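Single-structure report; data block below.
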Amino acid sequence: MDKESFYEKVYDVVRQIPTGRVTSYGAIAEYLGTKGSSRMVGYAMGACGNIYPAVPAHRVVNSAGLLTGKFHFPSPDLMQQMLESEGVEVENDKVVNFKKVFWRPISELN
DNA sequence: GCAATGACTGGAG
DNA sequence: CCTCCAGCCATTG
């Protein structure tokens with residue numbers, strides 16, 4: 001692995017997500033320059049439990065604000081619990097104020 | 001180096 | 001509104 005792999009970049013961006021905010025896989029992929037690699041973002045998260053510091057994967061949802069990756073957590077309910085604990089309203093496995101809590105690395109980090 | 005995989009996405013039925 | 005299909009690209013065996 002040379003320096004920072006695609007994974008490292010993904011983790012780095014996810015760690016920069018402010019508390020009480022969420023983002024989408026596509027947004028991260030687009031920020032990294034690989035807009036079409038939205039799957040890679042999720043794929044990278046698959047190894048998030050294998051790295052340190054831990055990545056706040058619970059702040060990463062799909063474009064619709066759905067907690068698609070909740071089933072990959074130790075407990076499916078853990079993801080929602082984490083978000084609610086940070087002030088993010090979650091209902092029916094999706095972010096309620098997704099538009100409001102949505103955080104774009106492209107606009108924020110640029 | 002090829003084939004399979006995946007926590008996605010957007011459009012079509 | 002819900003379901004299915006094909007494209008997308010990096011990592012792994």
Side-chain angles (χ1 to χ4, degrees):
Chain A
M1 302 311 178
D2 299 332
K3 313 159 195 167
E4 306 142 0
S5 325
F6 187 88
Y7 283 31
E8 294 294 327
K9 292 183 179 181
V10 175
Y11 302 143
D12 188 41
V13 176
V14 176
R15 291 199 200 94
Q16 294 178 67
I17 302 175
T19 306
R21 296 283 180 143
V22 296
T23 189
S24 64
Y25 301 92
I28 298 173
E30 186 176 0
Y31 173 74
L32 297 178
T34 54
K35 183 180 181 182
S37 61
S38 51
R39 301 181 128 167
M40 307 303 90
V41 179
Y43 192 75
M45 308 310 296
C48 72
N50 202 17
I51 65 164
Y52 186 85
V55 180
H58 59 272
R59 295 181 188 153
V60 184
V61 296
N62 74 343
S63 63
L66 295 172
L67 310 184
T68 51
K70 61 178 278 185
F71 296 104
H72 288 249
F73 282 77
S75 298
D77 294 334
L78 182 63
M79 185 173 185
Q80 182 172 337
Q81 293 294 324
M82 295 278 278
L83 291 172
E84 291 180 339
S85 181
E86 295 182 351
V88 179
E89 295 183 66
V90 179
E91 186 172 325
N92 193 13
D93 297 340
K94 76 176 181 183
V95 179
V96 179
N97 302 328
F98 179 60
K99 295 180 183 178
K100 297 179 182 178
V101 298
F102 183 64
W103 177 80
R104 288 188 186 180
I106 303 173
S107 300
E108 301 296 330
L109 300 176
N110 192 6

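Lettering of chains follows the sequences in order, A, B, ..., and the numbering in each one begins at 1. Not measured: the values here are computed from a predicted model. Every heavy atom of this structure was used, including side-chain atoms; hydrogens, water molecules and symmetry mates were not.
- Comparing A:Gly36 and A:Tyr7 against DNA chain C, the residue whose closest nucleotide sits nearer the 5' end is A:Gly36.
- Note on A:Ser37: only backbone sugar-phosphate atoms sit closer than 4.0 angstrom, heavy atoms only; bases stay farther off.
- Taking atom CD of A:Glu8 as the reference point, atom C1' of C:dA10 lies 14 Å away to the nearest angstrom.
- If you check B:dT9, C:dC9, B:dA7 against the side chain of A:Ser63, the one that comes closest is B:dT9.
- Taking atom CG on A:Leu66 and atom P on C:dT3, their separation rounds to 13 Å, with Å as the unit.
- By the 30° and 60° cut-offs, the orientation of the rings of A:Tyr11 relative to A:Tyr7 is perpendicular.
- For the segment residues 15-28 of chain A, the set of residues with a heavy atom within less than 4.0 Å of an atom of DNA chain B comprises A:Tyr25, A:Gly26, in numerical order.
- For the atom pair CD (A:Glu91) and CD (A:Glu84), the distance works out to 9.5 Å, reported to the nearest 0.5 Å.
- A straight line from CG of A:Leu67 to P of B:dA7 spans 15 Å, rounded to a whole angstrom.
- Closest to the side chain of A:Met45, from the set C:dT11, B:dT9, B:dA7, is B:dA7.
- Contact annotation: the side chain of A:Val61 approaches that of A:Met79 to within less than 4.5 Å [non-hydrogen atoms, C-beta and beyond].
- Screening A:Val22, A:Val13, A:Ile17 for a side-chain contact (heavy atoms from CB on, under 4.5 Å) involving A:Val60 leaves a single residue, A:Ile17.
- The A:Ala57 side chain lies nearest to B:dA7 when the options are B:dA7, B:dT9, C:dT11.
- Once rounded to the nearest 0.5 Å, the distance linking OG1 of A:Thr23 with CD of A:Glu30 reads 10.0 Å.
- Rounded to an integer number of Å, the gap from NZ of A:Lys94 to C1' of B:dA7 is 19 Å.
- A:Phe102 and A:Ala27 get closest at one heavy-atom pair: CZ-CB, 4.0 Å.
- Among all heavy-atom pairs drawn from A:Val41 and A:Val10, the shortest one is CG1-CG1, 3.8 Å.
- Checking C:dC9, C:dT11, B:dT9 against every side-chain atom of A:Phe6, the shortest atom distance belongs to C:dT11.
- With rounding to whole Å, A:Phe98 atom CZ is found 9 Å from B:dT9 atom P.
- Nearest nucleotide to the side chain of A:Tyr43, out of C:dT11, B:dG10, B:dA7: C:dT11.
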